[in-house]
Participant: 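Dropping a structure here in structure tokens format, bear with me for questions.
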Amino acid sequence: MNQPSWSPPDASKAGATLETFILEGMFQVPGATGMFTSLLNQISLACKLITGRVRRAGLADVLGWTGETNVQGESVQKLDIIANETMLAVLKRRGHCMGVASEELDNAVLFPQARGGYLVVVDPLDGSSNIDVDVSIGTIFGILRMKPETPLSEESFLVSGRNYAAAGYVIYGSSTVLVLSTGKGVHGFTWDPGAGEFFLSHENIRCPTRGNIYSVNEGNTARWTPGVKRWVDHVKQENKADGRPYSHRYVGSLVADAHRTLLKGGIFAYPADKKSPKGKLRLLYEANPMAFVFEAAGGRATTGKGSVLDIVPTELHQRVPLIIGSKHDVETFEEFAKQDPEGA
Ligand code: FDP
């Protein structure tokens with residue numbers, strides 16, 4: 001008999017949904033209560049709902065500015081509000097989340113009746129300036145373990161990134177991909193709109209040790225410290241042996257710039273500058289989740305002066321400089337940043 005010339009596609013991953021993956025993780029933890037698992041599933045549900053709204057935004061009349069500005073003084077887009085309300089409603093529903101700190105809310109929302117001992121930090125829709133022009137945007141999240149026996153309050157959120165139990169992001173790009181780490185490894189799941197599920201597509205992501213792309217808003221050059229200016233000059237200099245000059249890519253949505261950097265290597269930097277002396281990005285729900293993911297993938301995350309994950313926040317919407325990427329490339333940045341005098 002002739003051998004068939006066609007073989008069916010590999011079906012071994014057909015059952016590898018995000019939900020199954022999370023459940024399998026739970027079965028490995030003796031005595032797990034299922035609450036952490038439930039919380040992760042609720043976050044993925046909210047992101048499924050948000051991706052639906054993002055994909056239909058131009059038809060559903062939800063593009064554009066609401067007319068409001070948020071606690072950070074930034075224009076609030078209609079989709080920012082929709083994403084925030086979706087996330088809050090979904091997290092409140094199952095009662096396993098004790099509170100949420102969101103980019104869109106001045107104060108944290110607390111759910112004292114909930115059980116579980118976990119808090120969520122979230123930027124429901126990152127990259128607001130790109131919403132109306134169909135450029136990739138995202139959701140960034142982190143799950144914090146509350147210290148046992150401590151009262152629930154806004155203070156409960158003020159712990160370093162080392163206390164996060166999980167973190168990740170969803171990119172609403174050419175496809176929708178959820179990237180998740182619970183500390184051991186980083187995995188990516190692609191949304192299948194037909195099945196209505198996230199399926200494992202990027203198993204055990206490792207950030208390359210070095211890359212050849214730098215990502216920074218060069219419009220800020222005049223505001224940078226001498227060290228940052230010298231670093232950008234360095235990556236642009238011709239040096240074949242060292243793989244320079246690097247290419248430049250800057251989307252202006254943290255999720256998109258970070259996702260590319262995680263997969264292809266290189267560096268993303270939003271350093272402190274004269275306009276934003278403390279940095280622009282928010283520690284709790286932007287910098288920490290990204291730092292958590294990059295460190296779990298073998299990359300590096302720094303403020304230029306120290307590890308992002310070691311900072312103990314003093315306020316909910318605290319800003320920090322954020323430099324993430326391939327270990328080698330971030331270390332090179334740190335060498336240049338070290339040359340800046342204290343306070344520069
Ligand atoms: P946006 O202001 O559009 O929401 O979170 C803030 C953020 O975007 C990040 O997603 C992005 O990396 C950065 O700001 C872009 O800032 P610049 O426009 O100053 O480059």
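First listed ligand is number 1; within each ligand, the first listed atom is number 1.
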Participant: Ignoring hydrogens, just give me the one of Tyr285, Phe268, Tyr250 whose non-hydrogen atom is nearest atom 20 (O) of ligand 1.
Facilitator: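 Looking at heavy atoms only, Tyr250 sits closest to atom 20 (O) of ligand 1.
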Participant: Counting non-hydrogen protein atoms only, what is the nearest one to atom 8 (O) of ligand 1? Give residue, atom name and distance.
Facilitator: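 Its nearest protein heavy-atom neighbour is Gly252 O, 3.7 Å.
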Participant: Show which atoms of ligand 1 fall inside a sub-4.0 Å distance from at least one heavy-atom site of Ser253.
Facilitator: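 Per the distance check, 10 (O), 12 (O).
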Participant: Taking Arg282 first and then Asp126, would you say they form a salt bridge - that is, a charged N and a carboxylate O separated by under 4.0 Å?
Facilitator: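 Salt bridge between Arg282 and Asp126, a charged N being under 4.0 Å from a carboxylate O: no.
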Participant: Which protein non-hydrogen atom lies closest to atom 4 (O) of ligand 1, naming both residue and atom, and how far is it?
Facilitator: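 I find the closest protein heavy atom is Ser128 N, 3.3 Å.
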Participant: Indicate the ring-plane relationship of Phe21 and Phe189, choosing parallel, tilted or perpendicular according to the 30° and 60° boundaries.
Facilitator: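 It falls in the perpendicular class, over 60°.
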Participant: Grab the two heavy atoms, one from Thr209 and one from Ser326, that are nearest each other, plus how far apart they are.
Facilitator: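 Scanning both residues, the minimum pair turns out to be O-CB, 3.2 Å.
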Participant: To the nearest 0.1 Å, how far is atom 19 (O) of ligand 1 from its closest protein heavy atom, and which atom is that?
Facilitator: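 Looking at atom 19 (O) of ligand 1, the protein heavy atom closest to it is Tyr270 OH, 2.7 Å.
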Participant: With backbone taken as N, CA, C and O and side chain as the heavy atoms from C-beta onward, which portion of Asn217 lies under 4.0 Å from ligand 1: side chain, backbone, both, or neither?
Facilitator: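 Under 4.0 Å from ligand 1, Asn217 contributes side-chain atoms alone.
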Participant: Can you list the atoms of ligand 1 that are under 4.0 Å from a heavy atom of Asp126?
Facilitator: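 Here the atoms of ligand 1 in question are 5 (O), 9 (C), 10 (O).
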Participant: How far apart are the closest heavy atoms of Ala166 and Phe36, and which atoms are they?
Facilitator: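 Smallest interatomic distance, heavy atoms only, reads CB-CZ, 3.6 Å.
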Participant: Does the Ser156 side chain pair with the main chain of Ser153, one donor and one acceptor, at a distance under 3.5 Å?
Facilitator: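 Checking the backbone N and O of Ser153 against the side chain of Ser156, a donor-acceptor pair under 3.5 Å is found.
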Participant: For Cys47 and Met87, work out which heavy atoms get closest and say how close.
Facilitator: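 For Cys47 versus Met87, the nearest heavy atoms are SG-CE, 4.2 Å.
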Participant: Closer than 4.0 Å to some heavy atom of Leu254 - which atoms of ligand 1 meet that?
Facilitator: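 It comes down to these atoms of ligand 1: 9 (C), 10 (O), 11 (C), 12 (O).
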Participant: Flag Asn220 as yes when one of its N or O atoms lies below 3.5 Å from any N or O atom of ligand 1, and as no otherwise.
Facilitator: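 Looking only at distances, the answer is no, because the N/O contact criterion of under 3.5 Å is not met.
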Participant: Between Ser129 and ligand 1, find which residue part has any heavy-atom pair under 4.0 Å and reply side chain, backbone, both or neither.
Facilitator: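 Answer for Ser129: both.
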Participant: Does the plane of the ring in Trp231 sit parallel, tilted or perpendicular to the ring in Tyr214? Use 30° and 60° as the thresholds.
Facilitator: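 The arrangement is perpendicular - the two ring planes meet at more than 60°.
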Participant: Check the orientation of Tyr250 and His248. Use parallel for under 30°, tilted for 30 to 60°, and perpendicular for over 60°.
Facilitator: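 Correct class here is parallel.
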Participant: For atom 18 (O) of ligand 1, which candidate among Arg282, Glu286, Lys280 holds the nearest heavy atom?
Facilitator: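 The nearest heavy atom belongs to Lys280.
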